[in-house]
2 protein chains.
Amino acid sequence: MKLSNKGRYAVMALADLAKFESNKPISLRDISLRQGISLLYLEQIFLKLKKNKIVVSARGINGGYSLNKEANEIKISDVLNAVDEKVKTIGCSKDSKKGCNGKLAKCITHNLWDELELHINDFFNKKNLGDLIKGKNENTI
Amino acid sequence: MKLSNKGRYAVMALADLAKFESNKPISLRDISLRQGISLLYLEQIFLKLKKNKIVVSARGINGGYSLNKEANEIKISDVLNAVDEKVKTIGCSKDSKKGCNGKLAKCITHNLWDELELHINDFFNKKNLGDLIKGKNENTI
DNA sequence: AATATACTTGACTAAAATAGTCGGGTATAT
DNA sequence: ATATACCCGACTATTTTAGTCAAGTATATT
């Protein structure tokens, strides 16, 4: 049960963007160097962030990305959803009409996972990018 | 970001055990049939549950497994730990001495994932098997 | 004693998800 | 013109998860 890296990378990269924000866009190359994330991987992630209007891009020399909203208007859940990192706690059917494990009824653990999912989503809904950089200090990249 | 099935199966099977408990042990065959989980897979899971003293086994004909404690003394977190389903939210080093992504410092998202991990563990610590079967009804396997 | 049942154990395989790379673009400031 | 940096789809490698197989051992029942 491991939560994956892609979402973490996306949040890291955006936090970097928020932290170093200026009037000029920031290139993925800079983020890659600062955060130690592969440039090619970042490109993949930012395409999704752009599609989901989390960032805007500027092409060409001096190009790069900027946040599309204020940092504290961007919820962590928005970011994770953008890079397809929705939390899925259960393998059994989400379709309330059907049961779990090929049975007709819901399995006895169904509500447990549902509840957990709510918890996690709630957690990510309540946090935004601004919260992350607010606490920034020298001990943090 | 998907939480895996093995932990869910373990909890389902134990809930089944708790629900149908009597003076006799319950065979994996019965659980397999009732819960729709592969018998061979259940065997694998129950070995771990046994090693971690969640259940006790009886061999031979009329053999099977029984809970080693009262259902409401068995926390969900115990079960998940037993089948190696610890929640791990971060890929970056857990070693507080070292940083993340090969850098010296902690990444800006480090505390976020740590916090989430605490949340989830807390959730599982507060729930026990008894809670699950307490709410059992006709609509649940 | 024979036998069927059901646990025991480790190794093996298949499928899926994740992480990350590659190649060949296009737009644009200088 | 040209170098920079975004754009995009396809590809591969790795890891994890899910599930199977084979070959046992213990024991209640007949």
Side-chain angles (χ1 to χ4, degrees), chain A residues 1-10 12-13 17 23-33 35-52 54-66 68 80 83-92 101-102, chain B residues 1-10 12-13 17 23-33 35-66 68 80 83-92 100-102:
Chain A
M1 178 140 51
K2 215 180 71 183
L3 307 191
S4 58
N5 261 335
K6 183 152 57 171
R8 185 170 67 90
Y9 283 166
M12 279 175 76
L17 212 56
N23 50 332
K24 287 199 168 183
I26 291 170
S27 72
L28 293 188
R29 194 172 156 278
D30 288 353
I31 299 179
S32 167
L33 289 172
Q35 301 295 330
I37 304 169
S38 146
L39 174 60
L40 291 159
Y41 202 27
L42 276 179
E43 288 186 349
Q44 208 183 85
I45 291 170
F46 271 75
L47 282 182
K48 291 187 176 182
L49 293 175
K50 192 194 168 188
K51 255 183 208 146
N52 286 273
I54 311 272
V55 294
V56 291
S57 66
R59 286 183 149 203
I61 228 167
N62 292 335
Y65 287 94
S66 318
N68 195 28
L80 297 179
V83 296
D84 301 320
E85 287 269 321
K86 280 193 181 150
V87 179
K88 293 224 178 74
T89 51
I90 41 174
C92 45
N101 282 32
Chain B
M1 180 142 46
K2 214 179 74 183
L3 308 192
S4 58
N5 260 335
K6 183 151 59 171
R8 185 169 68 90
Y9 283 167
M12 279 175 76
L17 211 55
N23 49 332
K24 286 200 173 186
I26 291 169
S27 72
L28 293 187
R29 194 171 155 278
D30 287 355
I31 298 179
S32 167
L33 289 171
Q35 300 295 330
I37 304 169
S38 147
L39 174 60
L40 292 159
Y41 202 27
L42 276 179
E43 289 185 349
Q44 209 182 85
I45 291 169
F46 271 75
L47 281 184
K48 291 186 176 185
L49 293 175
K50 192 195 168 187
K51 257 183 207 146
N52 286 275
K53 307 207 195 303
I54 311 272
V55 295
V56 290
S57 65
R59 286 183 148 203
I61 227 164
N62 291 334
Y65 288 93
S66 317
N68 195 27
L80 297 180
V83 296
D84 301 319
E85 286 269 321
K86 278 192 180 151
V87 180
K88 292 224 178 74
T89 51
I90 41 175
C92 44
C100 306
N101 281 32

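Sequence lines set the chain letters: A, B, ... in the order given, protein chains first and strands last, and positions in each chain run from 1.
Across the interface with DNA chain C, nearest-nucleotide mapping of A:Asn62 and A:Glu43 shows A:Glu43 to be the residue nearer the 5′ end. Of the two residues contacting DNA chain D, namely A:Lys50 and A:Gln44, the nearest-nucleotide position lying further toward the 5' end is that of A:Lys50. Sequence order on DNA chain D of the closest nucleotides to A:Leu39 and A:Lys51 puts A:Leu39 first from the 5' end. Between A:Gly60 and B:Phe46, it is B:Phe46 whose nearest contact on DNA chain C lies nearer the 5' terminus.
OP1 and OP2 of D:dA18 both lie 4.0 Å or more from every side-chain N or O belonging to B:Ser38. At least one side-chain nitrogen or oxygen of B:Tyr9 sits closer than 4.0 Å to the OP1 or OP2 atom of D:dG19. Distances shorter than 4.0 Å separate none of the side-chain N or O atoms of B:Ser27 from OP1 or OP2 on C:dT5. In terms of phosphate contacts, A:Ser57 brings a side-chain nitrogen or oxygen within less than 4.0 Å of OP1 or OP2 of D:dC7.
Atoms CG (B:Leu49) and C1' (C:dC7) sit 14 Å apart, rounded to a whole Å. One atom, CG of A:Asn5, and another, P of C:dT21, lie 13 Å apart when rounded to the nearest Å. In this structure, the NZ atom of A:Lys48 is 18 Å from the P atom of D:dC6, given to the nearest Å. Computed from coordinates, the A:Ile61 CD1 to C:dT26 P distance equals 19 Å when rounded to whole Å. Rounded to an integer number of Å, the gap from A:Tyr41 OH to D:dA13 P is 17 Å. Rounded to whole Å, atom P of C:dT13 lies 16 Å from atom CG of B:Leu40. The distance between atom CD1 of B:Ile54 and atom P of C:dC7, rounded to the nearest whole Å, is 17 Å. If you take CZ of B:Arg59 and P of D:dA26, they are 6 Å apart, rounded to a whole angstrom.
With hydrogens and angles ignored, the 3.5 Å screen pairs no side-chain donor or acceptor of B:Ser57 with any backbone N or O of B:Tyr65. Using a distance-only test at 3.5 Å, with no hydrogens or angles considered, no donor-acceptor pair links the side chain of A:Ser32 to the main chain of A:Ser38.
The closest side-chain heavy-atom distance from B:Arg8 to B:Met12 is below 4.5 Å. Between A:Leu47 and A:Glu43, the closest side-chain pair of non-hydrogen atoms is not below 4.5 Å. At a threshold of 4.5 Å between non-hydrogen side-chain atoms, the residues B:Asn5 and B:Tyr41 do not count as touching.
If you check every strand for non-hydrogen atoms under 4.0 Å, A:Tyr65 touches sugar and phosphate atoms only.
Which of C:dA6, C:dA29, D:dC7 sits closest to the side chain of B:Arg29 comes down to C:dA6. Residue A:Leu28 places its side chain closer to D:dC6 than to any other of D:dC6, D:dA28, D:dG19.
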